[in-house]
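Input: a single structure, listed below in structure tokens.
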Amino acid sequence: MKARKKKSIERKNTTVEKNVREVKNTVEEDVKVAEPVEKEVVEAVEEPVKEVVETVEEPVKEETVKEEVVEEPVKEEAAEKVKESVNEDEEFSRRMSRHYDELKWLYCELYQGRQDAFDDLCRNLKNIYDYRKEELKELDRRREQNPQWYKKNDIIGMMMYVDAFAGNLNGVREKLDYIQECNVNYLHLMPLLESPEGRSDGGYAVADFRKVQPELGTMEDLEKLADECRHKGISVCLDFVMNHTSEDHEWARRARSGEREYMDRYYFYDNYDLPAQFERTVPQVFPTTAPGNFTWLPDLQKFVMTTFYPYQWDLNYWNPVVLNEMIYNMLNLTNKGIDIIRIDAVPYIWKQLGTNCRNLPQVHTIVRMMRMICEIVCPGVMLLGEVVMEPEKVVPYFGTVEKPECHMLYNVTTMATTWHTVATGDARLLRRQMDIINRLPKDYVFQNYLRCHDDIGWGLEYPFLRQFGIDEVAHKRFLSDFFTGKFPGSFGRGELYNDDPTSGDARQCGTTASLCGIEKAAYERDEEALDRAVRFDLMLHAYMFTQAGIPVIYSGDEIAQENDYTYHNDPKKWADSRYLHRGKFQWDKAELRNQEGTVQNEIFQGLKQMEEIRVQHEVFAADALAWTVDTWDDSILGIVKVKGDEKMVALFNFSGYDKVAWINEDDGMYQDLFTGREMEARGVQIPAYGYYWLLKK
């Protein structure tokens, strides 16, 4: 009996020794850590590696084996832990071996053979994996076995600012019952990492990637919230700002003090010669509020690249140190329980003289490596790319089926086109957008939304619109006037952001309720107009829920929250009109969601009905077949969706008049999923701003 136990332990030790050798191979030159890793990071990494090696090597001594066999039998619990450790090493090795060759090839091609930096990355990935708690590893395994989990029709998202919604992270935790009442199981928390007051760009100027903004809580609070969300079946999304840091970040402060290692993490220039060459080809993001792409630093007597605002310094990804350290920052968030990483401003992260510094091939290399790294360390995590560009520039960020990049992308073009359709009552461009998206591979998943924390930019497909006599500059001015209430007969109420009188270009701010007429009708106490505006609001959401992908509601839209004009009185906010739709959540209005006869009740219950219908019917899955149909009226959009035995015809009237959709789906009776009314899908009468989800019986 003792001999069998001894042989069993020896077999385990042989397996363990094999794993030790593998770990040692990965962490060779552990003592010679290359310059990319800061001292404190090196120490944090080296210690656990030593512990792993020590705890694994120690038990293989013969005298230890004899002692355990003869004097005290190996405890079942201890043996289980050894087995679990070995299994997890095998799990990491399996994932790493699947991606190692491609990851190394891409990395060394990007960084001209910097094997030292690549080895440092691999070593740190193993340690970050080791620190990932078991509950998260178990979720990884489940999702790894079911990689299509996010493509079903049972995910509904909501995005919010923590302080606006509930004050701080613990406040959000206390409000999770409300979030569940909204049927939300995907919660996007807007930027909450530490950033300097007054120079934060809404949280997108990060001063410390390892700390939460103090008034919002701590990293421990964030982890507790993520844990509780996971227990309730809610995934958590967080922004990861890759393109730049705040000028208050430690790297920037040390660069400003003249430390060459940290200066090399940004783009510094002694004079304006090279910046001038960049400016010839690189567009400006904010030409009115932050013109140019460089900022002069008098104290350092140098220019620094600042694509967005002067206090946001662009990171230099030509330096492998930057990529490695930012990967570690991202994985620190995933180890806190964040399920979805929203990569902010991803097209901008690689800069090259003579180009527009947008969408360069190296960007796709980096995003592909990020995808593989997540699949190695935390395969339960998804990457959401923020690519605010036209479809042909957005789609490449999905990568290919064989070499995927982002799991999801924002459907920003359709969002902007939707509001163009609201203003014009003409759905032809929107139909074209739907046709483009419906032709894409079903593996591509978009995040669909009506409103978000940001403005609406009018980057529409003007070459297509020109055939209808629409001039780009004049049309942009019309849209700006319509949604600020200046155009005769307009119901929109909003404000402009970055208005450029010269080009006529501007971006639009405002909540869904205010932009589609609820604010105006309520202020004027026009009950008929209010009924129509509420119907319009619901119709827009019904259209959003019909699109393939994941629908995400902007917090407050579920209770028809209107614009918040109080930001005009706050010196820290009044220069940024986006705070118009970033106001505090109105809990007093939320209390009316169950009170019949209120706008809040009608919107909240209407959205709830849509959410519940969507989950019940497979035609709403991301991989359902979809196409548009002729309605013989430019103001009515018709969409057919088919999956399995289900077929649905969805109709949306963007006109303020009752219309007839002259469709002819002559294949029997249909039933409206909202009202239960039965009808044929031919010559359908549809009221002003009305909508139908007609399911084939």
Side-chain angles (χ1 to χ4, degrees), residues 148 150-156 183 411 414 418 421 427-428 430-446 448 535-536 538-551 605-655 658-697:
Q148 307 295 314
Y150 62 97
K151 298 180 181 180
K152 297 180 181 178
N153 54 319
D154 59 352
I155 299 180
I156 294 168
N183 293 314
N411 194 355
T414 300
T418 298
T421 310
R428 285 177 291 185
L430 192 58
R431 180 182 179 183
R432 175 176 166 79
Q433 292 288 330
M434 289 292 93
D435 288 339
I436 292 172
I437 290 172
N438 290 334
R439 286 196 297 266
L440 295 175
K442 297 305 177 184
D443 288 303
Y444 297 168
V445 177
F446 283 102
N448 303 307
R535 188 161 65 245
F536 204 175
L538 289 171
M539 184 272 277
L540 293 176
H541 278 95
Y543 160 65
M544 178 188 73
F545 277 105
T546 305
Q547 297 173 52
I550 298 176
Q605 298 303 329
L607 294 186
K608 194 170 184 178
Q609 182 187 23
M610 293 177 198
E611 292 156 359
E612 291 169 354
I613 291 172
R614 182 177 181 273
V615 171
Q616 293 166 7
H617 294 279
E618 58 182 351
V619 287
F620 292 98
D623 61 351
L625 295 176
W627 62 89
T628 63
V629 293
D630 286 327
T631 62
W632 303 102
D633 190 310
D634 293 338
S635 62
I636 302 175
L637 179 68
I639 302 172
V640 176
K641 302 197 75 173
V642 175
K643 173 114 188 253
D645 295 329
E646 288 191 334
K647 175 185 177 183
M648 182 181 76
V649 178
L651 298 171
F652 308 96
N653 182 4
F654 282 85
S655 164
D658 295 350
K659 295 279 187 120
V660 175
W662 295 107
I663 61 173
N664 189 20
E665 296 294 311
D666 194 11
D667 55 353
M669 296 298 290
Y670 287 74
Q671 183 176 42
D672 179 34
L673 292 174
F674 295 113
T675 63
R677 176 186 162 196
E678 294 187 9
M679 64 180 80
E680 291 182 293
R682 50 190 294 183
V684 179
Q685 295 184 346
I686 182 167
Y689 307 130
Y691 53 98
Y692 289 116
W693 281 348
L694 302 178
L695 188 70
K696 176 78 170 59
K697 293 200 70 175

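Closest approach of Leu673 and Gln609 over heavy atoms only: O-NE2, 4.1 Å. For the pair Pro687 and Tyr692, the tightest heavy-atom approach, listed with the atom from each and the gap, is CD-OH, 4.1 Å. Residues Ala626 and Asn438 approach most closely at O-CB, 3.4 Å, considering heavy atoms. Of all the heavy atoms in Ile636 and Ile686, the pair that sits closest is CD1-CG2, 3.9 Å. In terms of heavy atoms, Ala661 sits closest to Leu651 at CB-CD1, 4.1 Å. Between Pro551 and Arg614, the shortest heavy-atom distance links the atoms CD-NH2, 3.2 Å.
For the pair Val642/Lys696, no side-chain contact is recorded, criterion being any heavy-atom separation below 4.5 Å from C-beta on. Here the side chains of Asp435 and Arg439 are in contact, with some heavy-atom distance below 4.5 Å.
One distance of note links NZ of Lys442 with CD of Gln148; it measures 13.5 Å at 0.5 Å rounding. How far CG of Leu694 is from CD of Glu680: 11.5 Å, rounded to the nearest 0.5 Å. Rounded to the nearest 0.5 Å, atoms CG (Asn653) and CZ (Phe536) are 8.5 Å apart. Atom CG of Leu637 and atom OG1 of Thr546 lie 9.0 Å apart (nearest 0.5 Å).
Residues forming a side chain to side chain contact (heavy atoms under 4.5 Å, CB included) with Lys152 (at least two apart in sequence, or on another chain): Asn146, Asp154. Applying the side-chain hydrogen bond (donor to acceptor under 3.5 Å, both in side chains) test to Asn411 and every residue at least two apart in sequence or in another chain returns Thr414, Asn448, Gln547. Residues satisfying the ring-ring contact (aromatic ring centres under 6.0 Å, His included) test with Phe654, not counting sequence neighbours, are none. Take Phe545 and apply the ring-ring contact (aromatic ring centres under 6.0 Å, His included) test, not counting sequence neighbours, and it matches no residue. Contacts of Glu678 classified as salt bridge (Lys or Arg N to Asp or Glu O under 4.0 Å), with partners at least two apart in sequence or in another chain: Lys697. Residues that satisfy the side-chain hydrogen bond (donor to acceptor under 3.5 Å, both in side chains) test with Gln616, not counting sequence neighbours, are absent from this structure. Every residue meeting the side-chain hydrogen bond (donor to acceptor under 3.5 Å, both in side chains) condition with Gln605, not counting sequence neighbours, appears here in chain and number order: Asn594. Taking Asp672 as the reference, Thr675 meet the side-chain hydrogen bond (donor to acceptor under 3.5 Å, both in side chains) condition, with sequence neighbours excluded. Under the ring-ring contact (aromatic ring centres under 6.0 Å, His included) criterion, Tyr691 pairs with Phe674, not counting sequence neighbours.
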Using side-chain contact (heavy atoms from CB on, under 4.5 Å), reason through Phe652 and Leu430 one step at a time and then give a plain yes or no. CA-CA 11 Å; Phe652 308 96; Leu430 192 58; over 6 Å; no
Could you give me the CA-CA distance, side-chain angles and deciding distance for Leu607 and Leu538, then say whether side-chain contact (heavy atoms from CB on, under 4.5 Å) is met? CA-CA 7 Å; Leu607 294 186; Leu538 289 171; 4.2 Å; yes
Please report the C-alpha distance between Gln433 and Thr418 in whole Å, then the side-chain angles of each, then the deciding distance to 0.1 Å, and finally whether the side-chain contact (heavy atoms from CB on, under 4.5 Å) criterion is met. CA-CA 10 Å; Gln433 292 288 330; Thr418 298; over 6 Å; no
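Residue pairs meeting the salt bridge (charged side-chain N to carboxylate O under 4.0 Å, His left out) criterion with at least one member in residues 659-669, sequence neighbours excluded: Asp633-Lys659, Lys647-Glu665, Lys647-Asp667, Asp666-Arg682. Sorted by first then second residue, the ring-ring contact (aromatic ring centres under 6.0 Å, His included) pairs that include residues 613-632, not counting sequence neighbours, are Phe620-Trp693. Within the structure, every pair that satisfies the salt bridge (charged side-chain N to carboxylate O under 4.0 Å, His left out) test and touches residues 637-646, not counting sequence neighbours, is listed here: Asp623-Lys643.
Within 6.0 Å of CD in Gln685 there are 12 or fewer heavy atoms belonging to other residues, nucleotides or ligands.
Put simply, the side chain of Asp634 never gets that close to the backbone of Ala427: no donor and acceptor are under 3.5 Å apart. Side-chain atoms of Gln671 come within 3.5 Å of backbone atoms of Gly676 as a donor-acceptor pair (strictly under, hydrogens ignored).
A side-chain contact (heavy atoms from CB on, under 4.5 Å) with Arg431 holds for exactly one of Asp630, Ile436, Thr421; it is Asp630.
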